[in-house]
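Numbering of residues begins at 1 and proceeds along the displayed sequence. Both counts, for ligands and for their atoms, begin at 1 and track the order of listing.
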Amino acid sequence: MLVVLLKREGYEATAVASGEQALLELEQRSYDVVISDIRMPKLGGLELVDEIHRRGIATTVILMTAFGSIDVAIEAMKRGAYDYISKPFRPDEIVLVLKKAEERERLFRENASLKQALAERRKDDEVKGIGGIIAGGKAMAEILRTTRKIAEYKTTVLVTGESGTGKELVARAIHDLSPRKDMPFVAVNCGAIPETLIESELFGHKKGSFTDAIRDKKGLFEEASGGTLFLDEIGELPLGPQVKLLRVLQEQVVRAIGSVNDEKVDVRVVAATVRDLGTEVREGRFREDLFYRLNVIQVHLPPLRERPEDIQMLVEHFIKRTNVKLGTKTEGASPEAMKVLLDYTWPGNVRELENTIERSMVLSDGARIEMEGLPEKLRENRDRIRQTLRSGELSIKKTTRIIEEELIRKALRETGGNRTNAAKILEISHRALLYKIKEFGIE
Ligand SMILES: Nc1ncnc2c1ncn2[C@@H]1O[C@H](COP(=O)(O)OP(=O)(O)OP(=O)(O)O)[C@@H](O)[C@H]1O
Ligand SMILES: [Mg+2]
């Protein structure tokens with residue numbers, strides 16, 4: 001009766017005679033919905049629900065209950081059945097339940113596909129990075145997330161980190177991801193302009209305002225109008241210009257040198273520095289009020305030695321890029337070379353890694369970057385152990401000390417300096433580790 005009814009409603013329907021047959025059928029073909037009795041010989045409705053669940057069959061189960069067995073139906077729903085319908089029922093009742101189930105199914109699928117799309121996009125960002133920023137590990141992924149989030153607001157951002165950690169890259173990404181992306185991105189290195197010219201560079205000047213001012217000059221704030229002004233090395237800005245900059249940030253107006261009028265400006269400011277501005281403030285080289293004005297949001301880029309998990313992906317990225325740039329055909333780094341790259345501490349951070357890769361690609365003639373093609377200083381650590389082993393030194397004490405020191409340095413690098421975790425990896429006590437760190441003079 002149900003098959004006839006459902007077919008008339010436009011469904012495809014198959015009838016089977018028992019719970020066991022239903023399972024066989026469900027294994028063969030996929031069904032959107034199962035409509036089942038509860039009381040059946042051998043495999044009952046409840047067990048059928050359990051079995052469908054256990055076998056991981058994706059389908060929606062609707063149970064038909066006789067009058068008086070509603071408790072069982074509720075139990076079935078607890079176990080994962082979708083709904084129940086009491087017998088006897090009218091045709092439109094069963095159609096209504098099916099329509100509801102379909103709607104739920106549609107929402108499920110939509111939700112699943114949206115989630116997947118979102119996950120893929122996230123993975124994409126993390127792998128390819130945004131604005132060419134490679135993020136292999138958690139730390140950089142978090143920075144990318146922050147970058148994406150803050151990009152859309154006009155707040156001032158202060159990007160900090162050692163030289164070569166990618167501050168400028170992040171500043172550009174903030175601009176590229178912002179609603180201002182089609183307006184200018186103007187970068188200025190505050191440390192590279194002579195003190196006497198900084199103010200006129202930033203704010204512009206009027207003809208005749210000083211000896212060399214032979215015509216009106218637009219300032220960088222005006223050039224960046226509607227877009228983003230990147231104040232690189234802001235820590236180098238002398239105190240005088242700092243006062244003027246603070247006023248621009250606070251009042252959103254610029255007054256060119258020699259002018260009597262304030263011009264309204266709409267510019268987002270991103271600043272970067274390798275210095276610790278907190279210290280600069282304490283030592284009187286940087287204005288505290290300007291520091292707070294700039295430091296609304298801070299993005300700190302950790303040094304590369306604290307995120308070795310980024311190295312492999314960066315190496316691959318730089319190899320690909322250099323291949324395009326120089327027409328080389330390097331396929332990758334040998335496992336040995338990669339190990340050396342992973343072990344090095346990279347004082348010059350990503351920029352040093354980038355230069356190292358490019359240099360070794362130019363110098364090598366093989367398809368791979370080999371350990372021998374890497375600069376001496378990268379190989380030093382490994383060579384120290386090798387040399388000791390090769391030197392004929394037989395003292396276990398001396399040799400193990402060198403190996404111990406290497407292992408400890410490595411464990412500390414891998415744990416980002418976390419001594420508790422490093423001790424665990426090294427399988428020594430925390431106290432022993434602290435003692436050895438001191439003994440070897442590791443910083
Ligand atoms: N996460 C990254 N993914 C890809 N390339 C990166 C990444 N970080 C840095 N780089 C590259 O490393 C180089 C240095 O980056 P950038 O110029 O942004 O550093 P910086 O912090 O501004 O350094 P400095 O303080 O010396 O100016 C650039 O060529 C940049 O493209
Ligand atoms: Mg820079």
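- Taking a cut-off of under 4.0 Å to the non-hydrogen atoms of Glu354, the atoms of ligand 1 that pass are 11 (C), 12 (O), 13 (C), 28 (C), 29 (O).
- Protein heavy atom nearest atom 1 (N) of ligand 1, with residue, atom name and distance: Ile134 O, 3.0 Å.
- The distance from ligand 1 to the heavy atoms of Leu314 drops below 4.0 Å at these ligand atoms: 2 (C), 3 (N), 4 (C).
- What sits closest to atom 19 (O) of ligand 1 on the protein, heavy atoms only, is Gly166 N, 3.1 Å.
- Under the 30°/60° scheme for interplanar angles, the aromatic rings of Phe185 and His175 are found to be tilted.
- Formation of a donor-acceptor pair under 3.5 Å by the Asp310 side chain with backbone atoms of Gly137 is found in this model.
- Within the set Glu168, Arg351, Arg307, the minimum heavy-atom distance to atom 27 (O) of ligand 1 is found for Arg351.
- Distance from atom 23 (O) of ligand 1 to its nearest protein heavy atom, with residue and atom name: Gly164 N, 2.8 Å.
- The part of Phe318 lying near ligand 1 is the side chain, judged by heavy-atom distances below 4.0 Å.
- Judged by distance alone, with hydrogens and angles left aside, the side-chain atoms of Arg307 form a donor-acceptor pair with the main-chain N or O of Pro302 at under 3.5 Å.
- When the heavy atoms of Lys167, Arg321, Met140, Glu233 are ranked by distance to atom 20 (P) of ligand 1, first place goes to Lys167.
- With ligand atoms numbered from 1 in the order given, ligand 1 contributes 3 (N), 4 (C) to contacts under 4.0 Å with heavy atoms of Gly132.
- Contacts between Asp310 and ligand 1 below 4.0 angstrom, taking non-hydrogen atoms only, are absent altogether.
- The nearest non-hydrogen atom to atom 7 (C) of ligand 1, considering only Ile143, Leu169, Thr165, comes from Leu169.
- Taking 4.5 Å as the limit, every side-chain heavy atom of Lys217 sits out of range of all side-chain heavy atoms of Ile257.
- Atom 26 (O) of ligand 1 has its closest protein heavy atom at Ser163 OG, 2.5 Å.
- Between the choices Val170, Val350, Asn355, the shortest heavy-atom distance to atom 9 (C) of ligand 1 belongs to Val350.
- With hydrogens and angles ignored, the 3.5 Å screen pairs a side-chain donor or acceptor of Trp346 with a backbone N or O of Leu341.
- Between Arg79 and Val61, every side-chain heavy-atom pair lies at or beyond the 4.5 Å cut-off.
- Within ligand 1, counting atoms from 1 as listed, the ones closer than 4.0 Å to a heavy atom of Val274 are 25 (O).
- Applying the 4.0 Å criterion to heavy atoms of Ile133 picks out, from ligand 1, the atoms 1 (N), 3 (N).
- With contacts defined as side-chain heavy-atom distances shorter than 4.5 Å, the pair Glu142/Thr146 qualifies.
- Two residues are said to be in side-chain contact when any heavy atoms from C-beta on lie closer than 4.5 Å; Val49 and Leu63 meet this criterion.
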Evaluate the criterion side chain to side chain contact (heavy atoms under 4.5 Å, CB included) for residue pair Leu304 and Thr165; output intermediate values, then yes/no. CA-CA 7 Å; Leu304 190 55; Thr165 46; over 6 Å; no

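- When heavy-atom distances to ligand 1 are checked against a 4.0 Å cut-off, Asn349 has no atom that comes that close, whether in backbone or side chain.
- Residues Phe440 and Ile402 have side chains not in contact (no heavy-atom distance under 4.5 Å, counting atoms from C-beta outward).
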